[in-house]
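As structure tokens, the structure follows; a few thoughts come after it.
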Amino acid sequence: LLRYLGESGLKLQKVILVAPGSKFNATEQDPLPSKQEFYSFEILPNLRDQIRDRVTIFVSNDGPEILKSVEFYQNILDAELIKLDDLGHFSFLINELPELLEEITK
């Protein structure tokens, strides 16, 4: 999403990221067919200027493997961080996430 925004120049009202991954999470076992292509882009500091209101990141406290990328996105996008307990990687097993609905409707 962030790569597309940066390359397209689109402007949005808000962006919400849920358990975002990044090149910091890449491993040799990464199942992507082209890990290098997927992760080899830079997020330019002016990307934040394309987002009018806010950037919010949801992360689970039990997902430490993505905290480095969350910190990176939080800093470069001046994002609000919402930490939730015991949701792993926010899989399809979660039937409801009222915090996300609340954020979407703000």
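As the structure is a prediction and not an experimental result, all values here were calculated from the model.
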Given the rule in the side chain to side chain contact (heavy atoms under 4.5 Å, CB included) test, do N61 and L87 qualify, once you have shown the distances and angles that lead to the verdict? CA-CA 8 Å; N61 287 330; L87 294 176; over 6 Å; no
Can you tell me if E80 uses its side chain to pair, donor with acceptor, with the backbone of V55 under 3.5 Å? no
Can a donor-acceptor pair be found, under 3.5 Å and without considering hydrogens, that links the side chain of R48 to the backbone of L77?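 Such a contact is found between R48 side chain and L77 backbone.
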Please round to the nearest 0.5 Å and tell me the distance separating atom [atom1] of [X] and atom [atom2] of [Y].
X   : Y   : atom1 : atom2 : result
L2  : Q50 : CG    : CD    : 10.0 Å
F72 : I43 : CZ    : CD1   : 4.5 Å
S69 : Q74 : OG    : CD    : 11.0 Å

Which is it for R54 and E103 under the salt bridge (Lys or Arg N to Asp or Glu O under 4.0 Å) test, yes or no, and what are the steps along the way? CA-CA 10 Å; R54 58 193 292 131; E103 185 62 30; 2.6 Å; yes
Within-4.5 Å side-chain heavy-atom neighbours: [X] and [Y]:
X   : Y    : value
L47 : I76  : no
I82 : L100 : no
V59 : L84  : no

Check each of N75, I57, L17 against V70 using the side-chain contact (heavy atoms from CB on, under 4.5 Å) test, and report the only one that passes.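 The single option meeting the side-chain contact (heavy atoms from CB on, under 4.5 Å) with V70 is I57.
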For atom NZ of K14, decide whether the heavy atoms of other residues, nucleotides or ligands shown that lie under 6.0 angstrom number more than 12.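 Above 12, so yes.
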Looking at E96, I want to see if its CD is surrounded by more than 12 non-hydrogen atoms of other residues, nucleotides or ligands under 6.0 Å. no
Linking I/L/V/M/F/W/Y whenever any side-chain heavy atoms sit under 4.5 Å apart, do L81 and L101 land together?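 No, it is not one cluster - the side chains of L81 and L101 are not joined through contacts under 4.5 Å.
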Y4 and L10: side chain to side chain contact (heavy atoms under 4.5 Å, CB included), yes or no, with the steps? CA-CA 8 Å; Y4 175 73; L10 281 174; 3.4 Å; yes
